[in-house]
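All values reported here derive from a predicted model rather than from experimental measurement. Chain letters run A, B, ... following the sequence lines, proteins first and then strands; every chain starts at 1.
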Protein chains: 2
Amino acid sequence: MNVHGRDLYYFTSVAEELSFTRAAERLFVSQPALSKQIRMLEKQLGVVLFERDRRTVRLTAVGEALLPHARAVLAAWQAAEAAVEEAKTAERCTLVIGMSTSPGRGLLPALRARLVSRHPEAQPVLRQVNWVDASAGLADGSSDVAFVWLPLPDDDRYQYAVVAREPRLVALPDGHPLAARAASDPEGKVDFTDLLEEPFLALPPEAGPLRDYWLALDARDGRQPRIGGVVASAEETHEAVASGQGVALLATGNAPLVVRDEVIAVPVRGISPSQLAVAACQDDKRTLVLAYLAAAREVGATTC
Amino acid sequence: MNVHGRDLYYFTSVAEELSFTRAAERLFVSQPALSKQIRMLEKQLGVVLFERDRRTVRLTAVGEALLPHARAVLAAWQAAEAAVEEAKTAERCTLVIGMSTSPGRGLLPALRARLVSRHPEAQPVLRQVNWVDASAGLADGSSDVAFVWLPLPDDDRYQYAVVAREPRLVALPDGHPLAARAASDPEGKVDFTDLLEEPFLALPPEAGPLRDYWLALDARDGRQPRIGGVVASAEETHEAVASGQGVALLATGNAPLVVRDEVIAVPVRGISPSQLAVAACQDDKRTLVLAYLAAAREVGATTC
DNA sequence: CCGTTGTGATAGCCATGAGTTATGAACGTC
DNA sequence: GACGTTCATAACTCATGGCTATCACAACGG
């Protein structure tokens, strides 16, 4: 494997032209350079490839034997280059969109439409990510862009555009005393202060600030919440609420994934609304990524 | 085609080991050298082939796409090297034996037997050469060894061994007056002096000293012979003699090729015998060539 | 908690490779 | 016999590919 592809190309060129001078100008190198390279190749193989007869050049038997193989090697390499080129463009056109649960609200089709209208070659690919990763795959590079809940940990590592801002709800078993209280509330809401003593379902500790956010730590004045259980997906949350392990805060858009059977969700007074954003890495300047963020910014302007 | 085979080998090695350090020691290069080469390859292709993650190395999508093609290129190159190797040994084992007419006298089988008994890999190939080339292909390299008539032009450029020494004959039409004279001669011969006025068939002028030799210029004391025609093969000679264009000197061993129908050959008194030799280029030191010459020397010792 | 080990990247050095221009030797052509 | 063509050679430049030494970082183990 100790040969330069260029040398093989030089060899085939001389073999085709049967002239060092003509081959050299076809290859845009000087004739001595070509002569030397061919000699190097011959030396390397321990073989004479051309019979130079002062005036004429012709292939030796060995050269004749090498020629088709040299062409095969070059063809194989061209195929390799083509494959790389194809993989490169495929990679450039693919946009991996991370999300913990489906963002819903018609966001995906809206953003997709805006993306492909400006970049018809774009190939958006959706990727489901565990709730534990607040960055929905941005942090480890498995997503190019992602739907995330603000606030993000390491806020300055990301660029983002808010696409939805909506009150947080609390998911309750339908027989829960607070369910009745909400029913009698003029706005159908419960006060967060009424939830302070409730056991809460929490994200795993690895979720960091995101865990704190969905426990609404900022609204508890430093008092630690009671933890009724650990959940990492909508399905688990539904199960845990229905079985009475605890209650859980939800984004309005995620409510349909949790509310069914014996679980209801009611708005909460006294906590900040949730903010859903499309994010990417701060230093990511790729065209498709920026285009998706721009689309998100436009859509966000109409929905928020 | 602008890539070094080595780089592809490096690439496949790293892809197999998934570790620069291990791949480097497998390849007997230092780890930094390997790192640098892979970076060069990536730069050349404008692509990232490996994802280096401090602790782990893994192929990117593009690297994955390249890998099988890289292997294909390497395989193609190995096939090419094998083909060259085979052609090289084939060339080393082939011995091209040039001859103007078949030397006859059982020489070819005898020499062949001696050659292959010592070099079983030898592949003797016979090659017919026009009479005009006294060196029977040695001069232009189209023969490795050759049966030639002495004296050779450029005597010092060749090494040779005499394998047959025999009187020269003259070919005559069977109705020629000298035919009858020969029949009445006690030895069945004619004197060369009787031939001095006869028209002679000559080789073409390009044949040089060989032409002079078969006109027996040395036996004419400087008088120019009459030229009845130009011939360059046994067939032409027979035709020309039969049609009465002239007479021609022949080596005894060649007589059977010319004597038939209306042409006869009789020994000539007063000219030197012809000498058939096996020759090669003076500076040719190849084993098979020397072996064939040695065989010729042995056979010549028994026949002369 | 800190030192050890193992990994890939970086820096600086040097021999060689691949290109250049200028020139030479052999041969055909006018 | 001067000229043009063709391949080989010489002398030089600059990039390439290799080395050693060292760094930065993560994982382990005491």
Quick one: is D/dC7 close enough that its OP1 or OP2 comes under 4.0 Å of any side-chain N or O from A/T21?
yes
N-O pairing of B/E85 and B/K88 below 4.0 Å:
yes
Would you please confirm or rule out a distance under 4.0 Å between OP1 or OP2 of D/dT9 and any side-chain N or O of A/R39?
yes
Between the side chains of A/E17 and A/S13, is a donor N or O closer than 3.5 angstrom to an acceptor N or O?
no
Is it true that the side chains of A/R71 and A/T12 contain a donor and an acceptor less than 3.5 Å apart?
no
Between C1' of C/dG8 and CZ of B/R22, the distance in whole Å
13 Å
If we ignore hydrogens and angles and just use 3.5 Å, is the side chain of B/S233 paired with the main-chain N or O of B/E236 as donor and acceptor?
yes
Protein and nucleotides 27-30 of chain C: nitrogen or oxygen contacts under 3.5 angstrom:
none

Given B/D144, which of B/R127, B/R92, B/R286 fulfils the salt bridge (charged side-chain N to carboxylate O under 4.0 Å, His left out) condition?
B/R286
Between D/dT6 (P) and A/L18 (CG): distance, integer Å
13 Å
Residue pair B/V96 / B/S142, side-chain heavy-atom distance below 4.5 Å:
no
Can you tell me how far C1' of C/dT7 sits from CD of B/E51, to the nearest Å?
16 Å
Using atom CG of A/N2 as one end and atom P of C/dT16 as the other, report the distance to the nearest whole Å.
15 Å
Just the rounded figure in Å: distance from P of D/dT6 to CD1 of A/I38.
17 Å
In whole angstroms, how far is the P atom of C/dG17 from the CG atom of A/L41?
14 Å
Counting just side-chain N and O atoms, does B/S35 come under 4.0 Å of either OP1 or OP2 of C/dG8?
no
Tell me the interatomic distance from A/L27, atom CG, to C/dA18, atom C1', rounded to whole angstroms.
14 Å
Is there a donor-acceptor contact under 3.5 Å from the side chain of A/S143 to the main chain of A/A136?
yes
Could I get a table of every N or O pair under 3.5 Å where one atom is in the protein and the other is in nucleotides 17-21 of chain D?
unit_1 : atom_1 : unit_2 : atom_2 : d
D/dG18 : OP1    : B/Y10  : OH     : 3.0
D/dG18 : O6     : B/K36  : NZ     : 2.8
D/dC19 : OP1    : B/S30  : N      : 3.4
D/dC19 : OP2    : B/S30  : N      : 2.8
D/dC19 : OP2    : B/S30  : OG     : 2.7

Is B/R52 close enough to C/dT7 that one of its side-chain N or O atoms is under 4.0 Å from OP1 or OP2 there?
no
Is the shortest distance from a Lys or Arg side-chain nitrogen in A/R52 or A/E42 to a carboxylate oxygen in the other one below 4.0 Å?
yes
Assign the ring pair A/F50 / A/F11 to parallel, tilted or perpendicular, where the plane angle (0 to 90°) is split at 30° and 60°.
tilted
Have a look at A/T56 and say if it touches a base, only the backbone sugar-phosphate, or nothing, with a 4.0 Å heavy-atom cut-off.
nothing
Can you check the A/F20 CZ to D/dT9 P distance for me, whole Å?
11 Å
